[in-house]
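Report on the following structure.
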Amino acid sequence: MKPTDRDLLTSSHWGTYRVEVADGRVTALRDFEEDPDPSPIGHGIVDVLEGPTRITTPMVRKSWLEGGPGTAGEKRGEEDFVAVTWEVANKLVADELNRVRQDFGNQAIYAGSYGWASAGRFHHAQSQLKRFLNCIGGCTSSKNTYSFAAAEVVVPHILGTFRGFLDTATSWESIASDCELFVAFGGVPLKNGQISQGGTGAHVQRAGVSAARDAGVRFVNISPLRSDLMEGVEAEWLAPRPSTDTALMLGLAHTLLADGLHDQTFLDRYTTGFDRFTRYLNGAADGIAKNAAWAADICALPADTIRDLARRMAGSRTMISVAWSLTRQDHGEQPFWAGITLAAMLGQMGLPGTGIGFGYSAMNNIGLNRHQLDFASFPQGENPVKDFIPVARVTDLLENPGGQFDYDGQSYAYPDIRLVWWAGGNPFHHHQDLNRMRLAWAKPDTIIANEWCWNALAKHADIVLPCTTPLERSDIAMSPKDPYLVAMDQAIKPIGQARDDHQIFRGIATAMAVHDAFTEGRSAEEWQRWIWDVSRQRVSQFGIELPNWDSFQKDGWLKVPTPDKPEIMMADFRKDPDANPLATPSGKIEIFSDTISGFDYDDCPGHPVWLEPLEWLGSAEPDQLHMISNQPRNKLHSQLDHGPVSRADRPRGVEPVTMHPEDAAKRDLHEGQIVRIHNKRGACLAELRTNADIRPGVIQIATGAWFDPDGDTCRNGNPNTLTPDKGSSSLAQGPIAHSCLVKVSSA
């Protein structure tokens, strides 16, 4: 079960830890000795492994158990559960899957299952779920992410790939060596950089920013929050109105054009469509020049500040960073397109330390200098069902079976969903307008959740299958996003009757006579050995030799060597665009896209534009505030919200909300007061904290509080009771949580 001659190890999205065990119980986690900036978040799991929120046996909602599928879906989230055996649970799930498949077809099963599951390479909940469902005919799936859906769809039309450039972001080492001015739209929030998908060994973002500052790089933080760039770097802080980043970028671009500071040689050789864009900038069609004065009216920044920044960017070796949060606003495609265009005008893309980067410190791996390795993973098989939805259109899917939706140039129909299965995520965290989603959530016949604790997803399910945590199973932390490979040891036996996801699906697969197809005759350990052996073969082609399985288990971890040269995004394209064309129709950077223009979308034309958001301060009522619901610093999304690290930040039991002292005084509110944040969609409670380091007219409340509704109000402070549920545009249909107006009053 575990090694005897070394300390136990585990890895998670927020770091790697040594595990201390006494009398069969985890007593503490110790920070990994290789990590110079360890995250405290992982420690929060120790106290909740066996706490009152732990699910220790299969559970079935009372009405569903008594009346069958489709019974009293409106009681989800309110009704008691009944404990059953695994034998009963497996039969209930198998019978329901067979009923739905036979009566409605596999497309009636929705397995979006979006969210961050285990860091382990094998015990990745979504992979286990999708492999199992593909063995029985497939399911309706989802595309893209809540993190940056708008960019995922639009950037491939501009640069040929988006994720490819996430993985090859110019490294912090190159920035420290060759950058002079780092302009951060949305900041460089170190709290976000605590985490990385698939596990992380050593946190590098703080050191990267510090080294750049020590080397003389000047930082500009463009965000409503001063804290979006760490103290100590003496960053210049510009605080425009939220959701106006595109207008600011257009004002900067116009200044470059008007002053003759753009690099026409670069634009001619490496881009296409700049002439079409300049006509828009100069107001050829609408008579409005998108100059600094125009941008100033929208952003509420001085026009001279915009002009000065543009000139400094042109006169410096400049890196532009656009935060992922910029995509999570109405028309979220536009700031990334405008940012790429601005970088192209400067003509520094593909050079050391400069150009553009997509979300430094959005995760620990952005700017982390590492080899791009193709590790094996648990194979999911082929999904025969072609139906899908954009990931953030869950409520539309459930509300509107048969309805049409646009996506990336085509029109599709929502299938009629009868069964929803979620494993390794929490839609009551990620999704917007939760009160609306909760009503739609009552419609499917059955909802199944693999969960280990009683969060809102588990409470709103019909069948809850208790799963293990990483500390109760063995696995491998082996991500192409991180150089550390870690043997994740099973530190303790599963709590109660909890099973790992693979064991859960093996049991149901047996009940449905697809056990052999699901397992291929391998045990969980044999699958892990298979993943390791295939990965060894793959990386050996890059001149990297991994030890055999037994040696790896004995040592517990290893670090893949760092590349000899720092990563420089788009360097090959810069060197020879003919030999290394982008995967766009032109092979170049498409400032104007004939493809997107051909879709004829009013809300996403063929070049970057300013489009007024659904909700923003420019159209706000006098007592409305703009709410920023950003990532938490004390948990990953909603994971471990019930743990002590998260609870320490909210001693009064609700999420804190930050407000400028002037805004608090206008509303006769005071520090530490419990307030009610509300709009037409719902409300949540929060504890007021005042701070002058936030733009007046803006409030900030982190996401991740477990949804706990009392009518339309979340008692814990989940801001997604307030955020609008609308697609970013017809192109990407991404979430727009950051385009949100609210009112704040005494609770």
Side-chain angles (χ1 to χ4, degrees), residues 14-15 31-40 166 168-196 200-223 225-239 308-309 311-323 339 343 346 348-370 481-484 559 561-571 633 693:
W14 41 77
D31 296 330
F32 187 43
E33 60 273 14
E34 290 281 303
D35 194 344
D37 187 26
S39 169
L166 284 182
T168 58
T170 297
S171 69
W172 280 112
E173 289 85 348
S174 180
I175 291 169
S177 173
D178 293 287
C179 180
E180 293 176 332
L181 182 65
F182 191 106
V183 181
F185 290 91
V188 183
L190 292 184
K191 62 181 177 55
N192 295 16
Q194 290 185 92
I195 53 93
S196 191
T200 193
H203 293 84
V204 303
Q205 296 298 322
R206 186 183 304 276
V209 175
S210 297
R213 176 57 186 148
D214 291 345
V217 177
R218 291 162 288 138
F219 285 85
V220 180
N221 175 26
I222 302 176
S223 168
L225 310 174
R226 186 189 291 272
S227 61
D228 272 343
L229 231 163
M230 64 180 276
E231 295 181 4
V233 300
E234 300 172 359
E236 178 183 355
W237 181 35
L238 303 181
D308 175 68
L309 178 59
R311 292 161 184 162
R312 284 188 286 146
M313 292 171 72
S316 306
R317 296 194 300 271
T318 300
M319 170 62 77
I320 297 172
S321 175
V322 285
L346 293 175
Q348 301 178 27
M349 299 172 78
L351 296 178
T354 64
I356 192 166
F358 302 127
Y360 284 97
S361 201
M363 292 197 303
N364 186 55
N365 60 281
I366 306 297
L368 171 61
N369 201 34
R370 66 191 190 282
K481 299 179 183 302
D482 195 87
Y484 285 88
K559 182 182 180 183
T562 302
D564 294 334
K565 297 180 180 179
E567 187 73 60
I568 300 171
M569 179 176 139
M570 301 182 74
R633 66 183 184 86
D693 288 340

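Predicted model only: the values in this text are computed from it and were never measured.
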Restricting to non-hydrogen atoms, name the atom on [X] and the atom on [Y] that form the minimum distance, rounded to 0.1 Å.
{"X": "Leu229", "Y": "Ala184", "result": "CD1-CB, 4.4 Å"}
{"X": "Val233", "Y": "Phe219", "result": "CB-CD1, 4.3 Å"}
{"X": "Pro189", "Y": "Ser361", "result": "O-OG, 3.0 Å"}
{"X": "Gly359", "Y": "Ser321", "result": "N-OG, 4.0 Å"}
{"X": "Gly355", "Y": "Ala343", "result": "O-CB, 4.0 Å"}
{"X": "Ser316", "Y": "Leu181", "result": "CB-CB, 3.9 Å"}

How many angstroms lie between [atom1] in [X] and [atom2] in [Y], if you round to the nearest 0.5 Å?
{"X": "Glu173", "Y": "Glu567", "atom1": "CD", "atom2": "CD", "answer": "10.5 Å"}
{"X": "Asn221", "Y": "Glu236", "atom1": "CG", "atom2": "CD", "answer": "9.5 Å"}
{"X": "Ser39", "Y": "Lys191", "atom1": "OG", "atom2": "NZ", "answer": "12.5 Å"}
{"X": "Lys565", "Y": "Ser174", "atom1": "NZ", "atom2": "OG", "answer": "12.5 Å"}
{"X": "Thr170", "Y": "Tyr360", "atom1": "OG1", "atom2": "OH", "answer": "4.5 Å"}
{"X": "Gln348", "Y": "Met313", "atom1": "CD", "atom2": "CE", "answer": "9.0 Å"}

Taking the side chain as every heavy atom from C-beta outward, state whether [X] and [Y] have any pair of such atoms under 4.5 Å apart.
{"X": "Ile366", "Y": "Leu166", "answer": "yes"}
{"X": "Met363", "Y": "Thr200", "answer": "no"}
{"X": "Trp172", "Y": "Leu368", "answer": "no"}
{"X": "Met230", "Y": "Val188", "answer": "no"}
{"X": "Lys481", "Y": "Arg370", "answer": "yes"}
{"X": "Leu346", "Y": "Ile320", "answer": "yes"}
{"X": "Thr168", "Y": "Met570", "answer": "no"}
{"X": "Asn369", "Y": "Val204", "answer": "no"}

Is a side-chain N or O of [X] found less than 3.5 angstrom from the main chain of [Y], in a donor-acceptor match?
{"X": "Ser210", "Y": "Arg206", "result": "yes"}
{"X": "Thr354", "Y": "Cys179", "result": "no"}
{"X": "Gln194", "Y": "Arg633", "result": "yes"}
{"X": "Asp482", "Y": "Gly201", "result": "yes"}
{"X": "Ser227", "Y": "Leu225", "result": "no"}
{"X": "Trp237", "Y": "Ser223", "result": "yes"}

Task: Pairs touching residues 175-187 that satisfy salt bridge (charged side-chain N to carboxylate O under 4.0 Å, His left out), sequence neighbours left out - done: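 Every pair satisfying salt bridge (charged side-chain N to carboxylate O under 4.0 Å, His left out) with a residue in residues 175-187: Glu180-Arg317.
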
Open item on the list: Quiz question: by atom type and distance under 3.5 Å, do the side chains of His203 and Asn364 form a donor-acceptor pair?
Closed with: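 Judged by distance alone, the side chains do not pair up.
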
Task: Short side-chain donor-acceptor distance under 3.5 Å, Ser196 and Asn365 - done: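 Their side chains do contain a donor-acceptor pair, which is all the 3.5 Å distance test asks for.
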
